[in-house]
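This report refers to the structure that appears directly beneath it.
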There are 2 protein chains.
Amino acid sequence: MKKIKIGIMGYGNLGKSVELGICQNKDMELAGIFVRRDPATIKTYSEDVPVYHVDDAKKMVNQIDVMILCGGSMSDLPVQGPLYASMFNTVDAYDTHAKIPQYFVSVNKNAIEAGKVSIISIGWDPGVFSLNRLFGEVILPEGNTYTFWGKGISQGHSDAIRRVQGVKDAKQYTIPLEKAIEAVRKGEMPELSTREKHKRVCYVVVEEGADKIKIEHEIKTMPNYFADYDTEVYFISEEELNQNHSGLPHGGLVIRYGKTGEKQEHNHAIEYRLNLESNPDFTANVLLAYARAAFRLNQEGGSGAKTILDIPPAYLSPKSGEELRKYII
Amino acid sequence: MKKIKIGIMGYGNLGKSVELGICQNKDMELAGIFVRRDPATIKTYSEDVPVYHVDDAKKMVNQIDVMILCGGSMSDLPVQGPLYASMFNTVDAYDTHAKIPQYFVSVNKNAIEAGKVSIISIGWDPGVFSLNRLFGEVILPEGNTYTFWGKGISQGHSDAIRRVQGVKDAKQYTIPLEKAIEAVRKGEMPELSTREKHKRVCYVVVEEGADKIKIEHEIKTMPNYFADYDTEVYFISEEELNQNHSGLPHGGLVIRYGKTGEKQEHNHAIEYRLNLESNPDFTANVLLAYARAAFRLNQEGGSGAKTILDIPPAYLSPKSGEELRKYII
């Protein structure tokens with residue numbers, strides 16, 4: 001069997017996890033890693049992986065079946081998404097929810113022109129959580145959907161704390177409030193404010209002599225990031241931070257609660273829960289399953305931008321339809 | 001907007017739930033109910049629903065967009081599935097897992113010849129549980145999948161008890177064992193026997209003067225149904241059975257547990273849980289979402305048998321791709 005040749009664009013946490021994830025998929029092989037730094041400085045997990053400068057990607061259009069874009073959503077993907085859609089089948093984890101519609105349009109245009117497939121915004125949210133929000137509302141049209149995130153590390157919020165003066169390092173956990181989850185499960189269909197759904201817990205290492213009271217106040221009142229939440233701030237040593245908070249766990253929960261029956265007398269709950277010890281590893285593995293789908297759709301003549309909602313699930317599996325009907329259904 | 005015209009073939013528990021479910025979907029209307037009995041004897045929920053004899057279905061090929069087949073998997077669907085696939089787009093809940101491959105083949109042949117779409121084996125298991133088994137194994141290739149059913153009423157097992165001599169009525173609950181679920185959640189990746197996953201609890205009403213000891217023994221040793229399980233039998237009055245055990249609740253849980261990382265050091269759990277107060281209502285609502293997909297796929301020129309794994313999720317929603325990208329993803 002000819003393996004699907006995967007390229008990795010960007011070699012941060014996510015790119016590294018994609019490299020590891022490829023080993024779990026027997027029908028894939030890693031064709032190259034592309035970086036902006038000097039390729040000679042990159043240390044990969046496997047010894048024999050070719051590392052190239054990003055500028056060389058355009059010369060490798062025929063050597064890569066699917067390019068996985070592992071850059072950030074803030075500044076990398078808005079450029080790289082449309083750019084590489086015009087050269088390769090691509091998959092990315094673009095996660096700026098509010099801008100997905102316009103990102104889709106710009107990727108779609110180039111992917112159609114190039115005759116390639118680009119599957120955007122893949123991962124867990126957006127991603128498999130989006131799928132579950134869709135399934136919830138189509139199966140139980142009369143109901144409410146609730147998404148909870150955590151317990152897990154939010155990179156964006158950790159970064160925001162690090163920008164506060166006097167802070168040396170920090171990690172921020174998003175934690176869903178059990179009381180809110182219980183109210184949803186009980187069928188109370190509550191209207192929940194931001195503060196009622198999650199709290200934020202911050203572990204902060206400060207520079208010597210820093211004003212902790214001022215730092216705590218600055219964090220807790222930070223607009224967009226913390227002001228709308230009950231936020232807890234704990235000052236700890238650098239050693240403790242590295243020992244107890246160096247992982248990237250995450251997860252969460254999508255609940256659809258709905259009613260059926262002649263007099264709405266039957267209650268139903270659909271609950272989808274993720275418990276992830278490594279956010280980038282899990283995201284990478286979802287990207288790889290959709291890379292397989294992108295490749296197969298393109299082989300069949302498909303092109304253009306797609307989201308997770310557009311992909312027939314069978315395309316994610318290396319098994320044939322016949323095998324799936326026998327063993328999965 | 002032109003509504004999707006739905007036909008209901010068979011008016012038992014599932015057919016009745018489909019009638020109610022249509023009211024929750026603004027883009028659908030009920031075009032007719034088809035029964036083997038005298039249509040004049042049928043009392044429907046809505047007053048103005050036309051009820052026809054099954055023999056009239058073939059005359060209504062142009063009046064029905066999707067026929068929902070609500071018969072049983074044992075004897076109705078093996079005949080009705082292929083038969084109506086040659087006249088209508090169809091959706092059914094065929095649930096004899098071992099025979100799905102051959103059922104697919106026979107429906108597929110007729111659906112292709114007729115230029116219609118037939119989506120088979122829709123509901124929760126087979127159905128959305130199958131989907132989650134697929135997603136689990138493609139996202140976490142190195143892991144195990146566990147399916148638990150219940151707590152819920154099994155119709156087949158309740159029927160089996162009713163066939164025991166001296167039994168007047170009975171209800172059987174399938175109950176997953178918490179100990180097994182906990183072992184899976186903890187990541188022990190256990191190998192679980194049938195007996196270790198579920199127990200069966202039976203509420204039995206006996207004829208006057210019946211030999212309860214004999215009945216209990218006969219139930220507990222019944223091959224295929226109870227012999228492989230720890231089974232509890234409780235004798236109760238007919239009144240108590242009707243008061244406390246007349247509903248059709250069900251549900252269950254699909255868990256995928258898997259590992260990632262350079263040294264398999266990261267554990268992940270994906271858990272999909274259903275808690276349903278009415279098994280037929282929920283199944284009906286899943287059938288209706290897939291009826292929408294069958295209609296749309298056929299409008300685009302599609303034909304043949306499909307399973308839940310073949311359908312792009314966006315086809316389940318009345319919303320446009322643009323709306324879904326804006327509000328769901």
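Each chain gets a letter, A, B and so on, in the order its sequence line appears, and its residues count up from 1. Nothing here was measured: the structure is a model prediction, and the numbers come from that model.
- For chain B, no part of A/K306 is nearby; none of its heavy atoms comes within less than 4.5 Å.
- Neither the backbone nor the side chain of A/F129 has a heavy atom closer than 4.5 Å to any heavy atom of chain B.
- Interface remark: of the candidates A/L140, A/D125, A/L253, A/N132, A/L140 forms the most heavy-atom pairs closer than 4.5 Å to chain B.
- Between chain B and the options A/I308, A/I139, A/L274, heavy-atom pairs under 4.5 Å are most frequent for A/I139.
- Only the side chain of A/F135 comes within contact range of chain B, with heavy atoms under 4.5 Å apart.
- The parts of A/L134 that come within reach of chain B are both its backbone and its side chain, each placing non-hydrogen atoms under 4.5 angstrom from that chain.
- Judged purely by atom type and a 3.5 angstrom limit, A/E277 has no side-chain atom pairing as donor or acceptor with the backbone of B/K259.
- Between atom CG of residue A/N285 and atom NE2 of residue B/H268 there is a gap of 7.0 Å, rounded to the nearest 0.5 Å.
- Between chain A and the options B/V128, B/V138, B/T145, the largest number of non-hydrogen pairs under 4.5 Å is found for B/V138.
- Here the side chains of A/Y45 and B/E262 are in contact, with some heavy-atom distance below 4.5 Å.
- Only the side chain of B/L131 comes within contact range of chain A, with heavy atoms under 4.5 Å apart.
- Looking only at distances, a side-chain donor or acceptor of A/H97 sits under 3.5 Å from a matching main-chain atom of B/I329.
- More than 12 non-hydrogen atoms from other residues, nucleotides or ligands lie less than 6.0 angstrom from NZ of A/K3.
- With respect to chain A, the highest number of heavy-atom pairs below 4.5 Å among B/L316, B/I100, B/N267 belongs to B/N267.
- In terms of heavy-atom proximity, B/G261 sits nearest to A/D281 at N-OD2, 3.3 Å.
- Proximity to chain B (any heavy atom under 4.5 Å) is restricted, for A/L20, to the side chain, taken from C-beta onward.
- Highest contact tally toward chain A, considering only B/P141, B/P126, B/A289, is held by B/P141 [criterion: heavy-atom pairs under 4.5 Å].
- For A/I311, the part sitting under 4.5 Å from any heavy atom of chain B is the backbone (N, CA, C, O) and nothing else.
- Proximity to chain B (any heavy atom under 4.5 Å) is shown, for A/V105, by neither the backbone nor the side chain.
- The part of A/F104 that comes within reach of chain B is its side chain, from C-beta onward, which places non-hydrogen atoms under 4.5 angstrom from that chain.
- Only the side chain of A/Q264 comes within less than 4.5 Å of a heavy atom in chain B; its backbone stays farther off.
- With hydrogens and angles disregarded, a donor-acceptor distance shorter than 3.5 Å links the side chain of A/R133 to the backbone of B/I328.
- Between atom CG of residue B/N275 and atom CD1 of residue A/I270 there is a gap of 11.0 Å, rounded to the nearest 0.5 Å.
- Checked by atom type and distance alone, the side chain of B/R325 never pairs as donor or acceptor with a backbone atom of A/P101 at under 3.5 Å.
- At least one side-chain heavy atom of B/Q24 sits less than 4.5 Å from a side-chain heavy atom of A/T260.
- Neither the backbone nor the side chain of B/V254 comes within contact range of chain A; no heavy atom of the residue lies under 4.5 Å from a heavy atom of that chain.
- Of the residues considered (A/K26, A/K326, A/E137, A/E265), A/E137 shows the highest number of contacts with chain B, using heavy-atom pairs under 4.5 Å.
- Contact annotation for A/E322: neither backbone nor side-chain heavy atoms come within less than 4.5 Å of a heavy atom of chain B.
- Contact annotation for A/K16: neither backbone nor side-chain heavy atoms come within less than 4.5 Å of a heavy atom of chain B.
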